[in-house]
K.L.:
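The structure is given below, and queries will be raised subsequently.
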Amino acid sequence: MAVPTLSRRLLMLVMTALVLAATAAGCVSTADAGAPGQPNGDAAATNWTAAWGSAMQFPIPLDQTPASAWSQQGFADHTLRQTIRLSTGGSSVRVHLSNQYGTQPLKVAGAAIARTGDGAVVWPDSQQRLAFAGSASVVIPPGQEVVSDAVKLTTAPLERLSVTTHFAEPTGPTTFHRSATATSYRAAGDHLTDPAADAFTETADSWFYLSGVDVAGGASRARSTVVLFGDSLVDGVGSTVNSDSRLSDDLAERLVAAQQPLSVVNTGIGGNKLLSDATCGGEKALARFERDVLDRPGVRTVLVHLGGNDIGTPQMDDGCIRPNPRVTGQQLIEGYQELVRAAHARGVKIIGATILPLKGAKFPFWDENAERTREEVNTWIRTSGAFDAVVDIAQVLANPTDPAAPRPGYVFVDGLHPNDTGYHAIAAAIDLTTL
């Protein structure tokens with residue numbers, strides 16, 4: 001999974017050459033300075049902590065929602081305002097923008113950050129324009145990510161910020177995160193520093209290009225980032241939109257209440273699989289683990305929940321989850337072992353989470369063969385000793401009278417995903433000392 005050292009050096013040389021050429025032409029790209037986990041500009045010596053994050057996906061070809069439509073159409077002279085909640089605070093902040101799945105250079109005409117008011121409203125006295133290697137605009141090559149220069153902004157744990165970006169020219173299909181469980185706002189034209197919401201008349205429940213927000217100067221120590229990695233359960237599907245009730249939010253609140261200076265980053269993707277890509281579920285977990293987990297600033301621990309989609313989707317035939325080959329328990333175990341090896345090679349603790357109950361979903365996601373595979377994998381997660389710790393999500397969510405199905409009070413209306421109460425129960429079952 002790791003990129004060979006020679007390839008990394010060659011990539012850096014090529015990217016440096018691109019930056020020099022762009023600078024000579026009068027535009028500045030910071031793709032080289034913004035390698036994941038690495039500060040740039042005058043912040044090079046700063047100890048950064050990932051305070052918020054999102055796993056990026058390729059655009060969805062199915063026109064199912066405003067979000068998937070935006071992902072295909074992209075933006076053209078639009079301003080996009082996106083709200084996130086920090087898991088920890090600090091005195092400086094920087095923003096990651098990703099063109100991971102772009103097929104053309106992404107031109108960001110301007111970007112700003114501010115404290116969030118209500119909806120698309122921001123607090124005027126908190127607004128600051130972002131710069132990229134000193135430039136107000138940036139060009140992000142396909143397959144790359146940039147990190148903004150640091151700005152002085154004192155933030156607190158669990159505080160909401162809004163990141164606003166203006167795209168003056170057509171972007172083409174977007175790099176995005178489908179199931180944000182949060183509302184993003186779009187305006188026609190340049191409204192980068194508008195504090196009011198009047199111009200932001202379009203909405204979608206996804207994040208676009210925004211892959212991370214880091215803080216520095218807070219209480220967090222070095223290597224203090226906990227990453228939650230996985231599928232829709234990690235992503236927060238089933239939680240109330242705009243309520244910050246995902247598992248990652250509940251865990252962050254527990255850590256703040258316990259006065260433990262750790263941050264929490266959510267890199268779940270709804271529909272994500274361990275072993276294969278999915279049309280609406282992004283790259284397989286094995287392919288994105290390094291980028292979405294190990295390269296985050298200050299990562300110390302990763303909690304993994306995966307396998308449910310690999311097991312459940314072969315019972316379905318839906319364009320969103322293809323391809324959906326049948327898998328064995330042993331194949332899933334070998335995939336988990338690969339994640340364990342990759343984490344330990346980077347000195348990162350890895351916590352295994354048992355696969356949630358699959359029976360009772362309001363779509364054909366379960367049969368007896370699927371249940372046998374789930375039980376086989378869950379037994380291995382609990383007993384193999386491969387992980388540094390285990391969170392028994394299956395036990396937390398299980399119906400006492402039928403453990404293959406979820407507890408009624410903990411399940412969303414689709415019969416599969418946890419609701420707010422279910423997510424709260426899972427977070428309460430995590431032993432904070434294992435993080």
K.L.:
If you compare all heavy atoms of L356 against all heavy atoms of P418, which two are closest, and at what distance to 0.1 Å?
P.N.:
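Shortest heavy-atom separation between L356 and P418 comes out as CD1-CD, 4.3 Å.
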K.L.:
Provide the closest heavy-atom pair for T267 versus D292 in the form atom of the first, atom of the second, distance.
P.N.:
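So the minimum-distance heavy-atom pair works out to CG2-O, 3.2 Å.
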K.L.:
Applying side-chain hydrogen bond (donor to acceptor under 3.5 Å, both in side chains) to T83 and S162, what does each step give before you reach the verdict?
P.N.:
CA-CA 4 Å; T83 299; S162 291; 3.2 Å; yes
K.L.:
Any Lys/Arg nitrogen of R346 or D295 sitting under 4.0 Å from an Asp/Glu carboxylate oxygen of the other?
P.N.:
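Result for this pair is yes, salt bridge flagged.
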K.L.:
So does D214 pair up with R94, basic N to acidic O under 4.0 Å?
P.N.:
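Looking at D214 and R94, the cut-off is met.
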K.L.:
Answer yes or no: are there more than 12 heavy-atom neighbours, outside H78 itself, under 6.0 Å from its atom NE2?
P.N.:
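Yes.
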K.L.:
Nearest heavy-atom pair of I333 and W380: which atoms, and what distance?
P.N.:
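In terms of heavy atoms, the two residues are closest at CG2-CE2, 3.5 Å.
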K.L.:
Pairing donors with acceptors under 3.5 angstrom, does anything connect the side chains of S384 and Y336?
P.N.:
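Distance-only check fails for S384 and Y336.
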K.L.:
Where is the tightest heavy-atom contact between R81 and T164, given as atom of each residue plus distance?
P.N.:
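Reported closest heavy-atom pair: NE-OG1, 2.8 Å.
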K.L.:
Given the rule in the side-chain hydrogen bond (donor to acceptor under 3.5 Å, both in side chains) test, do D420 and S239 qualify, once you have shown the distances and angles that lead to the verdict?
P.N.:
CA-CA 5 Å; D420 292 353; S239 65; 4.7 Å; no
K.L.:
Under a plain distance cut-off of 3.5 Å, with no hydrogens placed, do R178 and S206 share a side-chain donor-acceptor pair?
P.N.:
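Note: S206 and R178 side chains miss the donor-acceptor criterion.
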K.L.:
Considering all heavy atoms of both residues, which atom of L86 and which atom of V213 are nearest to each other, and what is their separation?
P.N.:
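In terms of heavy atoms, the two residues are closest at CD2-CG1, 3.8 Å.
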K.L.:
Hey, do the aromatic rings of Y185 and F200 have their centres closer than 6.0 Å?
P.N.:
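For Y185 and F200, the ring centres are not under 6.0 Å apart.
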K.L.:
Describe, in one word, how the ring planes of F58 and Y101 are oriented to each other, choosing from parallel (under 30°), tilted (30 to 60°) and perpendicular (over 60°).
P.N.:
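Aromatic pair F58/Y101 classed perpendicular.
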K.L.:
Might you work through the side-chain hydrogen bond (donor to acceptor under 3.5 Å, both in side chains) test for W366 and Q315, ending with a clear yes or no?
P.N.:
CA-CA 7 Å; W366 181 92; Q315 284 71 249; over 6 Å; no
K.L.:
Would you say the side-chain atoms of S248 and N266 include a donor-acceptor pair closer than 3.5 Å?
P.N.:
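N266 and S248 do have a side-chain donor-acceptor pair below 3.5 Å.
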